[in-house]
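Just so it is clear, the values below take in all heavy atoms, side chains as well, and ignore hydrogens, waters and symmetry mates.
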Amino acid sequence: ALTSAPAGTADATAPDLARGERIFREACSTCHGGSGEGGHGGPALSGARNLASITRIVQQGGIQMPSLSSSLTARDIQDVSAYVREKLVR
């Protein structure tokens with residue numbers, strides 16, 4: 001018989017959107033706004049549809065955005081990028 005995995009053993013590669021939201025609020029919302037609406041020094045994120053591009057910009061920075069790879073872990077970047085793609089894109 002198959003048993004379900006014990007609690008806390010979620011797929012290590014699956015992004016944690018709730019964690020991504022917390023990271024977004026702490027690291028991104030100051031410039032991009034709480035809902036990704038922009039206008040606080042950073043652009044609106046509503047058109048950010050490509051997960052690889054979002055991840056690259058978080059890692060490397062953008063025109064006025066600093067790289068966050070020194071302040072966020074790879075898992076942080078994965079989670080926040082997935083949150084932007086899944087929850088903020090309209």
Side-chain angles (χ1 to χ4, degrees):
L2 296 175
T3 59
S4 60
T9 59
D11 180 355
T13 61
D16 181 336
L17 297 180
R19 191 168 172 278
E21 180 179 13
R22 286 191 303 272
I23 295 163
F24 182 86
R25 300 241 180 270
E26 292 171 9
C28 312
S29 65
T30 300
C31 295
H32 293 288
S35 300
E37 71 275 10
H40 305 276
L45 301 175
S46 58
R49 290 178 168 73
N50 184 292
L51 183 59
S53 294
I54 297 166
T55 301
R56 179 182 46 76
I57 291 170
V58 174
Q59 288 172 329
Q60 299 175 3
I63 295 170
Q64 293 182 325
M65 180 177 154
S67 165
L68 296 176
S69 62
S70 63
S71 58
L72 298 177
T73 67
R75 180 63 194 247
D76 292 342
I77 291 170
Q78 174 189 355
D79 291 346
V80 76
S81 298
Y83 171 75
V84 168
R85 171 64 185 92
E86 298 299 321
K87 299 297 184 180
L88 298 183
V89 173
R90 290 174 185 81

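No donor-acceptor pair under 3.5 Å is formed between the side chain of Asp16 and the backbone N or O of Asp79. Proximity of a side-chain donor or acceptor of Arg85 to a complementary backbone N or O of Ala48 within less than 3.5 Å is not detected. In this structure, His32 contributes its side chain and Pro43 its backbone to a donor-acceptor pair below 3.5 Å. A donor-acceptor contact shorter than 3.5 Å is absent between the side chain of Gln59 and the backbone of Ala74. Side chain of Ser67 to backbone of Ser69: a donor-acceptor contact under 3.5 angstrom is found.
Qualifying side chain to side chain donor-acceptor pair (under 3.5 Å) partners for Thr30, counting only residues two or more places apart in sequence or in other chains: none.
Between atom CG of residue Leu51 and atom CZ of residue Arg56 there is a gap of 12.0 Å, rounded to the nearest 0.5 Å. Atom CG of residue Asn50 and atom OG1 of residue Thr55 lie 8.5 Å apart, to the nearest 0.5 angstrom. Atoms CG and SG, from Leu88 and Cys28 in turn, are 9.0 Å apart once rounded to the nearest 0.5 Å. Rounded to the nearest 0.5 angstrom, Ile57 CD1 and Leu68 CG are separated by 11.5 Å. Note that the CD atom of Gln78 and the CZ atom of Arg19 stand 9.0 Å from one another [nearest 0.5 Å].
Glu37 and Ala44 get closest at one heavy-atom pair: O-CB, 3.3 Å. Across all non-hydrogen atoms, the minimal contact from Ile23 to Leu72 is CG2-CD2, 4.0 Å.
Val80 and Met65 fall within a single hydrophobic cluster, where Ile, Leu, Val, Met, Phe, Trp and Tyr side chains are chained together by heavy-atom contacts under 4.5 Å.
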